[in-house]
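Scroll down for the structure; my scribbles are underneath it.
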Amino acid sequence: MIATPPPARLWDISQPLRPGLPVWPGDTAFGEERTWSIQPGCPVNVSRLVMSTHSGTHADAPLHYDAIGLTAGALDLAPYLGPAQVITVPPGTPFATVDDVAPHWRPGVPRLLLHSYDRFPHEAWRSDYTAIDPALIDWLAGQGGVLLGTDAPSLDPQDSKDLPAHTMLNRHRLAVLEGLVLDAVPDGIYELIALPLPLSNADASPVRAVLREWPQR
Ligand SMILES: Nc1ccccc1C(=O)C[C@H](N)C(=O)O
Ligand SMILES: [Zn+2]
Ligand SMILES: [Zn+2]
């Protein structure tokens with residue numbers, strides 16, 4: 001009889017996808033439509049989804065911010081699986097900076113997930129989210145980082161036209177997750193699992209992001 005360890009605790013850090021989901025101003029509303037329904041002569045329910053590639057918790061592909069960038073289907077999956085550290089930045093911070101992160105940084109854990117909301121805004125779009133100082137992305141790359149995640153809907157401010165944070169991310173070829181829900185997650189080290197879908201031509205992909213307890217050594 002193999003002794004099986006108790007299951008590691010899981011945190012679901014993904015937004016529920018549903019009609020009424022707050023989306024980027026002007027973007028495609030989340031829609032679902034039943035195309036087949038269970039009834040005499042039809043044994044199944046089937047639906048159709050209409051959604052932005054940036055709906056809810058998602059991974060940008062480089063194609064989102066680089067006209068010749070990789071698509072979601074071409075992304076290397078390794079950055080989206082592995083040890084990650086959750087660090088809270090003071091709520092209401094306009095830009096997360098190196099000074100917010102460096103004092104809490106655990107060298108050798110190459111994924112940074114920023115927790116900026118006191119309470120994730122599930123019910124309404126908020127434009128006043130915490131964006132990312134590009135210098136933090138440059139610093140993360142220097143620390144051997146491979147992925148940056150945030151509970152905000154974007155790395156750059158909503159009105160940004162030159163996307164300095166996404167540009168720095170692209171320069172360092174870092175992976176990104178946006179729209180994480182970290183309300184219930186204490187700062188610390190976890191195993192991140194958040195795989196993008198093999199959407200062959202897309203500029204981003206929804207992910208089911210979870211954190212699993214990481215054995216503290
Ligand atoms: N839907 C959009 C439409 C136009 C411009 C930006 C968005 C975004 O959703 C922001 C995106 N999540 C980003 O990666 O910054
Ligand atoms: Zn995005
Ligand atoms: Zn983005």
Side-chain angles (χ1 to χ4, degrees), residues 13-31 49-77 79-80 84 89 93-97 111-117 120-138 140-141 145-182 192 194-209:
I13 56 173
S14 313
Q15 296 177 53
L17 294 173
R18 75 233 191 264
L21 172 78
V23 297
W24 192 270
D27 202 359
T28 308
F30 182 88
L49 300 178
V50 176
M51 59 191 287
S52 165
T53 47
H54 296 259
S55 298
T57 305
H58 68 278
D60 291 353
L63 180 62
H64 176 55
Y65 38 82
D66 175 351
I68 57 169
L70 289 178
T71 64
L75 291 173
D76 172 16
L77 297 180
Y80 304 92
V89 295
T93 304
F95 287 90
T97 67
R111 298 169 186 80
L112 169 60
L113 306 180
L114 290 175
H115 180 183
S116 65
Y117 289 121
F120 188 89
H122 288 286
E123 299 313 322
W125 177 261
R126 281 184 54 182
S127 301
D128 62 343
Y129 54 82
T130 295
I132 310 293
D133 179 349
L136 173 55
I137 296 171
D138 195 36
L140 178 61
V146 296
L147 177 140
L148 172 62
T150 177
D151 52 6
S154 181
L155 301 181
D156 288 295
Q158 184 173 317
D159 59 358
S160 174
K161 295 302 177 212
D162 53 351
L163 304 185
H166 285 86
T167 303
M168 184 65 79
L169 190 88
N170 201 26
R171 182 180 309 163
H172 290 297
R173 296 283 184 270
L174 297 190
V176 59
L177 293 170
E178 294 167 336
L180 297 170
V181 182
L182 296 169
L192 170 70
L195 294 171
L197 299 175
L199 295 167
S200 301
N201 307 314
D203 56 275
S205 167
V207 298
R208 184 63 180 265

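Sequence positions, counted from 1, serve as the residue numbers for this chain. From a predicted model like this one, the values you see are computed outputs, not experimental measurements. Counting convention: from 1, in listed order, for ligands and their atoms alike.
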> Do we see a donor-acceptor contact under 3.5 Å between the side chains of Thr53 and Asp203?
Replying inline: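 There is such a pair between these side chains.
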> Does one side chain, of Ser116 or Asp151, offer a donor that lies under 3.5 Å from an acceptor on the other?
Replying inline: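 Yes, a side-chain donor-acceptor pair sits under 3.5 Å.
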>> Quick one, Thr57 with Leu180, criterion side-chain contact (heavy atoms from CB on, under 4.5 Å). Give me CA distance, side-chain angles, the key distance, then yes/no.
In response: CA-CA 5 Å; Thr57 305; Leu180 297 170; 3.7 Å; yes
> Name of the Glu178 N, O or S atom nearest the Zn ion (ligand 2)?
Replying inline: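 Going by distance to the Zn ion (ligand 2), the closest N, O or S atom in Glu178 is OE1.
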> Taking the N/O/S atoms of Asp60 one by one, which is nearest to the Zn ion (ligand 2)?
Replying inline: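 The closest N, O or S atom of Asp60 to the Zn ion (ligand 2) is OD1.
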So is [X] polar-close to ligand 1, meaning N/O to N/O under 3.5 Å?
X: Ser52; value: no
X: Trp24; value: no
X: Leu155; value: no

> Should the proximity of Ala204 to ligand 1, defined as any heavy atom under 4.0 Å, be assigned to the side chain, the backbone, both, or neither?
Replying inline: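 For Ala204, there is no contact with ligand 1 at all, from either part.
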Hey, is the main chain of [Y] close enough, under 3.5 Å, to the side chain of [X] for a donor-acceptor pair?
X: Ser205; Y: Leu197; value: yes
X: Ser52; Y: Thr28; value: no
X: Arg208; Y: Ser14; value: no

>> Tell me whether ligand 1 is touched by His58 - counting only heavy atoms on the residue side and a distance under 4.0 Å.
In response: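 Yes, His58 has a heavy atom closer than 4.0 Å to ligand 1.
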Atoms of ligand 1 close to [X] [distance to a heavy atom under 4.0 angstrom, numbered from 1]:
X: Asp60; value: 13 (C), 14 (O)
X: His64; value: 11 (C), 13 (C), 14 (O), 15 (O)
X: Glu178; value: 11 (C), 12 (N), 13 (C), 14 (O), 15 (O)
X: Asp27; value: 1 (N), 2 (C)

> So which protein heavy atom does atom 11 (C) of ligand 1 come closest to, and at what separation?
Replying inline: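 So the nearest neighbour among protein heavy atoms is His54 ND1, 3.4 Å.
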> Of all the non-hydrogen atoms in the protein, which one sits nearest to atom 15 (O) of ligand 1, and at what distance?
Replying inline: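 Heavy-atom neighbour on the protein nearest atom 15 (O) of ligand 1: Ser154 OG, 2.5 Å.
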Measure up the [X] and [Y] rings against each other and bin them: parallel (under 30°), tilted (30 to 60°), perpendicular (over 60°).
X: Trp125; Y: Trp24; value: perpendicular
X: His64; Y: His54; value: tilted
X: Tyr117; Y: Phe120; value: perpendicular

> Pick from Asp60, Thr150, Leu192, Ile13: which one makes a side chain to side chain contact (heavy atoms under 4.5 Å, CB included) with Leu177?
Replying inline: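 By the side chain to side chain contact (heavy atoms under 4.5 Å, CB included) criterion, Leu177 pairs with just one of Asp60, Thr150, Leu192, Ile13: Leu192.
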> Measuring to the Zn ion (ligand 2), does His54 have an N/O/S atom at a distance below 2.8 Å?
Replying inline: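 Checking His54: at least one N, O or S atom is under 2.8 Å.
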>> Which atom name does His166 have for its N/O/S atom nearest to the Zn ion (ligand 3)?
In response: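 The atom in question is NE2.
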